2 protein chains.
Amino acid sequence: MPASIGDVADRAGVSVATVSRALRGLPNVAPSTRERVLEAAATLGYVADARAAGLASGHTRTVGVAVPLIGPWFFSQVLAGVEAVVTARDLDVLLMTVDDAAGRERLAAGARLRGRVDGLIVVDIALTEAQKAELAANDLPAVVVGAEAEALPCVLVDNVEVGRTATSHLLELGHTRIALIGHAREDPLHFPVPEERRRGYHEALACAGIAPDPALEVDGNFSVAGGAEAATALLDRVDPPTAILAMSDEMAFGCLRVARQRGLAVPGDLSVIGVDDHDVSPAWDLTTVSQPVHRVGGQAAELLLAVMDAGATSPARIALPTSLRHRGTTGPPMVPTEPSPLGQDALR
Amino acid sequence: MPASIGDVADRAGVSVATVSRALRGLPNVAPSTRERVLEAAATLGYVADARAAGLASGHTRTVGVAVPLIGPWFFSQVLAGVEAVVTARDLDVLLMTVDDAAGRERLAAGARLRGRVDGLIVVDIALTEAQKAELAANDLPAVVVGAEAEALPCVLVDNVEVGRTATSHLLELGHTRIALIGHAREDPLHFPVPEERRRGYHEALACAGIAPDPALEVDGNFSVAGGAEAATALLDRVDPPTAILAMSDEMAFGCLRVARQRGLAVPGDLSVIGVDDHDVSPAWDLTTVSQPVHRVGGQAAELLLAVMDAGATSPARIALPTSLRHRGTTGPPMVPTEPSPLGQDALR
DNA sequence: CTACGGGAAGCAAGCGTTTTCATGCCGGCT
DNA sequence: AGCCGGCATGAAAACGCTTGCTTCCCGTAG
């Protein structure tokens, strides 16, 4: 039903080959001819069929982005970063969520990918080593975000350092009972990020000569609600922590909420630090370890484009810097015997 | 390089037609044959080329989602909603941002769409009536989110009511100087949403017999920072408002930040209400008008699928309900002469 | 005057599927 | 015994483009 290239050719009185060349701005087309073709195409409302063009030319002008979830802030920011650089090259973005083992298997096998994308960005998906190798062998240009990969380029932040930085910050302020809210250790996804941050936490603790207390490490599900639950559990203990390191700002928000509900002063009674530097963190005045989320996506996209252009180069490994944003939710622990005059939060 | 259907056919000792049928689970294939084909395909790692399959069959198994931006919470949630129902039908999502006039023109004309998507969801993009008509005439199944459309199905919330509800809430609490933070009236995008909410605000004000003060309507750019700036400007006035209605929770967060920095008690000195019911709003204890963001996306996707299945039906128009979430940031205005005992916020 | 060169345009061969139509085979029915 | 219908399979025609190769034409150099 829609006009095809043949219709345009007929109307312009030239061959389809000439139409194809004229429309794509290729050389060796007389200006007068090109103009006639352009006009014919315009009046017919002709748009080339992407499938046919791709089939003939061998590419798709599309890159795939695989994420475990779409909703959370982190992923939407990475996605935005990818999108910005990809559309600058006039490519499209195919979004795919893979959130279970079957999906990961299919992704690694390249199912649904052939003839769909020219390249793939895999964000924070817990691929096994075997799956990564399979993906790399898959001839499809791919880059991994948030995890190391042997044969694939990857972009990530040093999450051990993230954990270390946050913990050291709290230690320097004088805290010794520091809780960690992250992901359950027995996480079926065994994605490295939480584990790495936990490692940094342990390292910093060890440096300060403090023995880690397993009771202070709880699951927060990387959500506001999960962070709130975790904080509740921690603060209900007979020996509550004086500081909480939440592995994401969203979980930190949950902590702050609980603190406020309980009338705890922050940072007087409880210090809270997050990770991400979420959009709304400045508004909360939340101390956090900032990571360049948007840049992560952009960098991954640039890397992918480079691989797509140059073919298989030596897989790069790009580490992006993080930095402590010391704001208002962390401070020295209160001396236990001295009750806080600021135990009430005026907001409530 | 990758195995084609012909390779599979050779290896299984059958024709390509049989391979095609066997792999897609079509009837009239002997079980033994099917098994042989499956095995051949598996050992060859065969995956059908989506372009070729699409070209031959006429569809793409992909739906497009066009948004003006990816980063903001609202869009990521809508996207997630769409994605959930679309992938349940084993379709893919092609993400496209259109944020300028040229992009809108191209979108309406269907550029880059043919052979790329089987259907399109347009989210909060300021199409002119002519462009909507063009899109509708474009034979491509499409649904519009966040705007009325003559010839296209659409899903939206009653944004006039949203504005009315929020404003009435503040009025009932006793406020009379109520500021509105939204989008600049001379918005070049002239997207209807802010304008509708503003209308609701005016209607509620009129009902209460209050003349709107243009000085109390300011632009907040729908971001945290924009909300903060707007709040600053409002509170710097000689006659500051006692309540602020922000058209999004993110802008409301900016307001709360400013209030806290200035030592204003919320809701004692200043009431703040937002719109959206953002993930972190419960943590802030923010009063807001909740809209079912995820559901909006899901509903749009379901509508689109229905159109794709059934062909052109009469264009539906689905309005989703909103509701007031009365939380802690709104309350009666303080009696002006009585200074607040809670002017200090313990968080800072 | 012929040979040569280069730009403009056309022909036709793919690209890898799906799908229609034709073919062959077998069993059951009249 | 002769047909007929149904099932499994194959051959080949689309699908709509890109692209290598060829042809044509004209101007210039020898």
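Only a predicted model underlies this, so the values are computations on that prediction, with no experimental measurement involved.
Judged purely by distance below 3.5 Å, without hydrogens or angles, the side chains of B:R34 and B:T18 never pair a donor atom with an acceptor atom. Using modelled atom types and a 3.5 Å distance limit, the side chains of B:R24 and B:S20 yield a donor-acceptor pair. Using modelled atom types and a 3.5 Å distance limit, the side chains of B:T60 and B:D118 yield a donor-acceptor pair. Counted by atom type alone, A:R104 and A:T128 present zero donor-acceptor pairs between their side chains at under 3.5 Å.
Among residues at least two apart or in separate chains, salt bridge (Lys or Arg N to Asp or Glu O under 4.0 Å) pairs with a member in residues 291-309 of chain B are B:R89-B:D309, B:R295-B:E302.
Residues meeting the ring pair (Phe, Tyr, Trp, His ring centres under 6.0 Å) test with A:F75, sequence neighbours left out: none. Applying the ring pair (Phe, Tyr, Trp, His ring centres under 6.0 Å) criterion to A:Y46, with sequence neighbours excluded, gives no partner residue.
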**Study point:** Worked check of side chain to side chain contact (heavy atoms under 4.5 Å, CB included) between B:L303 and B:V155
**Key:** CA-CA 9 Å; B:L303 217 48; B:V155 6; 4.1 Å; yes
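For the helix from C:dC1-D:dG30 to C:dT30-D:dA1, the rotation axes defined at the first and last 5 base pairs enclose an angle of 60°, given to the nearest 10°.
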**Study point:** Protein-to-nucleotide contact annotation, 5' to 3' order, nucleotides 11-26 of chain C [B base; S sugar-phosphate only; - none; under 4.0 Å, heavy atom]
**Key:** B--BBBBSBB------
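At least one donor-acceptor pair under 3.5 Å links the side chain of A:T87 to the backbone N or O of A:E83. Within the 3.5 Å criterion, the main-chain N or O of B:A48 finds no donor-acceptor partner in the side chain of A:R114.
The nucleotide range of DNA chain D contacted by chain A, defined by atoms under 4.0 angstrom from heavy atoms of the protein and reported 5' to 3', is D:dG16 to D:dG20.
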